[in-house]
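Computed from heavy atoms alone, side chains included, the values below leave out hydrogens, waters and symmetry copies.
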Amino acid sequence: QEAEKKIIGVAIPSATHGFMGGLNWHAQDTIKRLGAAYPNLEFVLSTAGNSAKQVNDIEDMMATRNIDALVVLPFESEPLTAPIKAVKEAGKFVTVVDRGLSEEGIEDLYVAGDNTAFGRVAGEYFKANLKPGAKIVVLRGIPTTLDNERVEAFQKALDGSQIEILDMQHGNWNRDDAFNVMQDYLSKYPQIDAVWAADDDMAIGVMEAIAAAKRQDEMWVIGGAGMKDIVKRIMDGDKQLPVDVTYPPALISSALEMTALHFVSNAPMTGRFIIGSQLITPENAAKFYYPDSPF
Amino acid sequence: MKKIDFHTLGPLIALIALIVLGTLLNSAFLAPANITNVLARSAFIGLIAVGMTFVITAGGLDLSVGSMAAFLAGLAIIAMNALAPSLGVHWGTILIGMGVAILGGLAAGYLNGALITKARIEPFIVTLGTMGIFRSLITWLADGGTLSLDSGLRTLYRPVYYGGIGWLTWPILCFAAVAIAGEWSMRHSRFGRHVEAIGSNDRVARYSAIDVNRVRLMTYVLLGMLVGLAVVLYVPRLGSASGSTGVLWELEAIAAVIIGGTALKGGRGRVWGTVMGVLILSLIDNILNLANLVSPYLNGAIQGVIIVLAVVLQREKHAASER
Amino acid sequence: MKKIDFHTLGPLIALIALIVLGTLLNSAFLAPANITNVLARSAFIGLIAVGMTFVITAGGLDLSVGSMAAFLAGLAIIAMNALAPSLGVHWGTILIGMGVAILGGLAAGYLNGALITKARIEPFIVTLGTMGIFRSLITWLADGGTLSLDSGLRTLYRPVYYGGIGWLTWPILCFAAVAIAGEWSMRHSRFGRHVEAIGSNDRVARYSAIDVNRVRLMTYVLLGMLVGLAVVLYVPRLGSASGSTGVLWELEAIAAVIIGGTALKGGRGRVWGTVMGVLILSLIDNILNLANLVSPYLNGAIQGVIIVLAVVLQREKHAASER
Amino acid sequence: MSVLALDNVSKSFGPVTVLHGIDIALEPGEVHALIGENGAGKSTIMKLLGGFLDPTEGQVLLDGKPVRFASGPDAEAQGIVVIHQEFNLARDLSVAANVFLGREPGGWRLDHKAMQEATAALLRRLDSPISPDALVGDLSVPDRQMVEIAKALSRNARVLIMDEPSAVLTHREVGALYDQILRLREQGVAILYCSHRLDEVAHLADRITVLRDGRVVRRAARGELTQDGMASAMVGRELQDFYPPKGQPSGDIALELRGLSVPGRVHDISLTLHRGEVLGIAGLVGSGRTELAEGIAGLRSSSGEIRIDGQPATIRSARDGFAHGLAYLTEDRKEAGLLLEKPLRENLTLAALERFGSWRIDASAEDAALDRATQDFDIRAPRRDMPAGKLSGGNQQKLLLAKTMLTEPRILIIDEPTRGIDVGTKSQIYAFIRQLATQGLSVIVISSEMPEVIGLADRVLVMREGRLAGELQGAALTEDNIVRLAMGVGEAA
Ligand SMILES: Nc1ncnc2c1ncn2[C@@H]1O[C@H](COP(=O)(O)OP(=O)(O)OP(=O)(O)O)[C@@H](O)[C@H]1O
Ligand SMILES: Nc1ncnc2c1ncn2[C@@H]1O[C@H](COP(=O)(O)OP(=O)(O)OP(=O)(O)O)[C@@H](O)[C@H]1O
Ligand SMILES: [Mg+2]
Ligand SMILES: [Mg+2]
């Protein structure tokens, strides 16, 4: 059967930190898989290091690649809203991933993680597992709206727990930066009971700094996202890393698959799909472990 | 303009080669829509790069332009949002926002220039410092997130980026006007002559009764104002500013200037060359989007190779004409 | 070393001022653990900045070092992981990894240097190009993610960063040794003399029977090898490399060199100054983390202000001694 | 047999041929002088001999055998050492480092002590007080020239080629230079010497080759040519009235200094300059003449009072100076005078751009100005769009003069005005300066050539160690008296 050729544009941020790296990998992997499965689908992938470049990419897809659908993980919400709206108005199928647009009802399909839950689940774990009066430090990501959402939710979850947040500095979702910040926390605070690293890459830097200071027994660390190395350590029952909070980079795969299905099946593929953040514990870790992913 | 400038021939050849490549890869490349897109988005870096040509020709450097653009965009948005309730969704409000961007750029450029000429600190250090400062300030103003323009104003303001005369949108017209004025000043005005003299040998310039500090300061002020103008065109495009706005624009602008044949050590300014350089850089991006060449991870590598090749092409010609 | 170099006095004063400030802000600042941390972290940029001092003194520039470091770290990890099954978890494997990093650095530096001296392209463009290329290659090698060293090897290799002689860990010792060797070469070796001569006036150097291209090439090769050495110390720290490793190291290294009093236009190399510059930059970060000064969003602004102030301090002294 | 020779050599730069069939041979133990007008091709011959250029036609003979030097350093390795007309020193390095650049003694570690001692010894031999540790960038122009000479002497030369080594030196340094030249001649070194000072040519040269427009027009042995004979051979016509008649300055005071000091260099100078006067300033190298001039012109910070036309004037920059109608022509033409990579036109008008249009620079007016300047100052440029740095040394100096004059100053301070300018043009320039003075311009001439100050100036001030040592006028204006004042041994009766 000679189906009509459909072109799907995919615009995502470039792999500048671990989570995005994982997302990039899943995107390419899924594209390869879907391309093989559905020969009438063609994918156009672009990655951008900032909003302006992403808007350029989307413009180019419209002007020169004649796409039928756009799957986009907006680098930032506000600046991308109007350009994506223009794509929609040109009659294309639009899937928005992870970061919502600042105007509702533009996209056909929305697939996202839940940043508020991401912060809340972590905060609740801290509240449940620390004594009142415990002291913690926080490493934040790159200053962005989603980082703000996560941190606010985290702080809200701690409300009334008498857990003291000693410090919150930016580790930029980067291992090296997190390592430096954690070293300085350790110099500065004689007592730290736990660390919210808010990202698995940062957690790795943090744990290294703690190990170098030989204070592994004093504190535990919670990262976030669900990186395979971290999941493995939870599976192995590492005391220092009791749990992790998911924010799966694989959500791009779901988005791509659903968009593809829109063209190859008759099932309606619109709506909102929120992939909640879950707590990975030693008990359930096995089901979050993907040894082949680079992330 | 009467004589052909041989140094801009190199970049021109590289540009033509890229256009041919683009056409071969995708027939939509030469479609008016694509050309408008590419030209319009070149305008931001283009305006900045024209100003940067003067700064570099005078022997200076400005690393702060990207952060400055983000900061000015933030300021303009804050100003417009603050005025919107009282003045209403109105062109007046937008004009004030534009004024804020351009005057802010003037002030920011003056700050850089004054630190360099009055406090006599290396331009690299001064602008590295202000780069950090502007970047931090916008992040702080936006509270780590994004500053967005009031949506009513946004709608009103939007045609400044997307509208124009036919396919010649305002950014394209602005860029063309500034490039022509820049080339003219570099070639035919006293200011341009003085800028080249200072970059060539500032001691000779001083002995020739040129007010070296003033001219140098003016190059930074001019660049600041052009950053402001770029912001005036940028805000209607995305309607927002954040800590990631304008990241690495400084590197792109400097690269465009140097690809265009202006020497980093100063003394020889080629505004036409800079325009070519800007277009070359934009086209590389555009062409990478035209075809699924390779893994997107390797885009940066291809970009790097093309930049070096573009300059090799130019240097070969150059060397050949020198013998 | 016998005479006091007046140009390094400025950065030294800035450094002392920062140390005093740090001590006042937090008593933990002078604790041995903190000092070890800061010095050890400085080592990567420090090694690179010492090499960069030679490149800049000879009138060159290298923007690719950060990407090169990431790329070399990736190569070394891939090599060690590949050899681990056959050679086993063994110092031999690690030595081969170290060799890969250093020889890779040599080759990468040679590539930069050859494009600059043989193809005669501006260093800015060449290294901007290779910066993109190396960065892309590591991202591609890591498949967008992170390359991690085999955990057995990791454990074995770890002491190279964390171990040492008492609080003098290996990175600190290495940095000190390279700084001393660098200062010595700049002052007392023919190579250093020729590097300064080339940066000062390359025609004069050529007329003095100095093989200008060879010396220039050597500065890039030296820098490449020092990047390799930095990687040898970096890999055992976190045992991984990714596309975000070494981002902006080039800017930090160049800034350290210039804060240290080496002129960007070349001709006058101050390795001690560079060491001060590196320490100043590390201390600023450390102090900002130790003191809860303001909103962390503003860290960059404070950093910028301190960098400019540090140089003002130095320029004032300098100017005073000139009158 | 000659050590080094050119055999029927021609040289072209692009379409322009600057040397036609030159034969010249240097003998051991002989000083061979090369003279000729500006742009005649002297420096080009020297560069050909020194391996810095390749002949277009003909060949270079070393010990009678044809050679082709790969580069200057290659020739130097064979004992051929060149002192270039243009300085060849790295500003950021010390004197000692420059002297030994490329041949540093020592094994792994440079032998700083040996370099310092050897440099100090060389400078002592030249009777120069420069410290081996000084940075070359901080030295005055004449001091840099002495370093050049020291550098050349430190090479073990079989052939020493000197391109106007004495152009900026005063008689004390020149004396030391002669001593060294004669010593080397004794040792059998072949010396090629180029100068526009015909008295020193007469004094030093065993043999003279005269060049005109790229051709050899005369060869002579010692004593065969008088100075006048040399001049007319060079120029191709008789020269008379070398110095114009002195003028009649008016009583009006154009410039007055009261207690002017430049910190550390010049102390408490008071002087007056009358309208229409040519005032000479003489002194030894390092006596502070340049600093004084730069202090007046606002190029160095100075204290004390400056009055122009009786009114106090504040001059903090060259720009302020120009606003008061005061212009200064620098002795450092390479680093402060001309933009070497820019074309003639842009150099000429740089200081006076306001005169060429308010908004748009009028390029045709500039071209006209260049036409006038090339004529007035006899600037010989093969092409008008060539960079100034490719002009011959003397023509660069003429361009610099033209550039300064274009600002139409009322008070003109010229530092070494005829540095490197040939005799024919010199008299033209003297006449020009005198003519300006007659028209009411006031001129200060700083010169190291004593005949020049004596012949040109109405009145001469002598400086010593940053202070005025005396004033000479009329019959008292003699070389002997200037030397005595400059050296501080008192004025003869
Ligand atoms: N690299 C070059 N390119 C073009 N023309 C040149 C170059 N070098 C020299 N010339 C020209 O060759 C001619 C001879 O120059 P040269 O420097 O030999 O003169 P000179 O006799 O040394 O004069 P002066 O007494 O003024 O120093 C001049 O007209 C000069 O402009
Ligand atoms: N910036 C400086 N730093 C250190 N020494 C300097 C500096 N400028 C000049 N000198 C020294 O000061 C002395 C005076 O130099 P100056 O140029 O005034 O001599 P002059 O009287 O003009 O004689 P001439 O013009 O023949 O050199 C010289 O020995 C010079 O080396
Ligand atoms: Mg000459
Ligand atoms: Mg002088």
Side-chain angles (χ1 to χ4, degrees), chain A residues 7 9-16 21 24-25 27-28 31-32 35 42-66 74-83 86 99 102-103 140-149 151-152 168 170, chain B residues 22 25-38 40-42 44-45 66 77 135-136 138-140 142-149 151 154-155 158 161-162 234 236-249 282 285-292 295-297 299-300:
Chain A
I7 302 174
V10 183
I12 54 178
S14 46
T16 50
N24 270 258
W25 183 83
Q28 292 180 53
I31 286 174
K32 213 180 294 155
E42 189 187 328
F43 292 86
V44 176
L45 174 65
S46 77
T47 62
N50 57 57
S51 307
K53 166 81 163 62
Q54 196 169 42
V55 174
N56 293 348
D57 291 343
I58 294 172
E59 280 178 357
D60 285 348
M61 287 177 189
M62 292 292 287
T64 63
R65 305 301 294 267
N66 197 19
F75 197 92
E76 288 172 290
S77 303
E78 280 88 352
L80 267 301
T81 299
R99 290 174 204 168
S102 60
E103 198 179 316
R140 307 188 56 165
I142 296 171
T144 45
T145 317
L146 72 93
D147 184 62
N148 288 352
E149 282 173 14
V151 172
E152 271 160 31
M168 294 204 273
H170 291 274
Chain B
L25 283 175
N26 191 321
S27 55
F29 177 74
L30 283 182
N34 191 47
I35 292 176
T36 301
N37 282 346
V38 172
R41 68 172 82 124
S42 311
F44 312 133
I45 299 289
I77 289 173
R135 182 66 61 203
S136 277
I138 173 67
T139 312
W140 179 70
D143 219 350
T146 307
L147 285 168
S148 299
L149 186 59
S151 72
R154 181 80 216 287
T155 318
R158 216 165 164 273
Y161 182 81
Y162 293 96
Y234 176 84
R237 175 163 157 92
L238 300 184
S240 67
S242 72
S244 68
T245 300
V247 167
L248 292 188
W249 280 10
S282 295
D285 269 350
N286 185 244
I287 287 175
L288 287 175
N289 278 339
L290 284 179
N292 300 6
S295 155
Y297 298 142
N299 278 359

Problem set entry | Proximal component of T146(B), with respect to chain A [non-hydrogen, under 4.5 Å] |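 Answer is both: backbone and side chain atoms of T146(B) are under 4.5 Å from chain A.
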
Problem set entry | Heavy-atom contact with chain A under 4.5 Å, split by part of N34(B) |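 Both parts, heavy atoms under 4.5 Å.
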
Residue among [options] with most heavy-atom pairs under 4.5 Å to chain A:
| options | answer |
| --- | --- |
| G246(B), S282(B), A33(B), S148(B) | S148(B) |
| T245(B), N286(B), V247(B) | N286(B) |
| L147(B), L238(B), D143(B) | L238(B) |

Considering only heavy atoms and a distance below 4.5 Å, find which of [options] pairs most often with chain B.
| options | result |
| --- | --- |
| L146(A), D57(A), V44(A) | D57(A) |
| T64(A), N148(A), N56(A) | N56(A) |
| T145(A), N24(A), D60(A), T47(A) | D60(A) |
| P143(A), S51(A), P79(A) | P79(A) |
| L45(A), I142(A), V55(A), D147(A) | V55(A) |

State, to 0.1 Å, how close [X] and [Y] come at their nearest heavy-atom pair, and which atoms those are.
| X | Y | result |
| --- | --- | --- |
| W25(A) | Y297(B) | N-OH, 3.6 Å |
| N50(A) | S244(B) | CB-O, 4.0 Å |
| N289(B) | S46(A) | OD1-CB, 3.8 Å |

Segment of [X] engaging chain B (4.5 angstrom heavy-atom cut-off):
| X | value |
| --- | --- |
| A52(A) | both |
| F75(A) | side chain |
| E103(A) | neither |

Exercise. Do R237(B) and E59(A) meet the salt-bridge criterion of a basic N to acidic O distance under 4.0 Å?
Worked result: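 Result for this pair is yes, salt bridge flagged.
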
Problem set entry | Flag side-chain contact, heavy atom, 4.5 Å: L149(B) against E78(A) |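 No, too far: nothing below the 4.5 Å cut-off.
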
Exercise. If we only count heavy atoms from C-beta on, is the H170(A) to T139(B) side-chain gap below 4.5 Å?
Worked result: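 The answer is no, as the side chains (C-beta and beyond) never meet within the 4.5 Å cut-off.
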
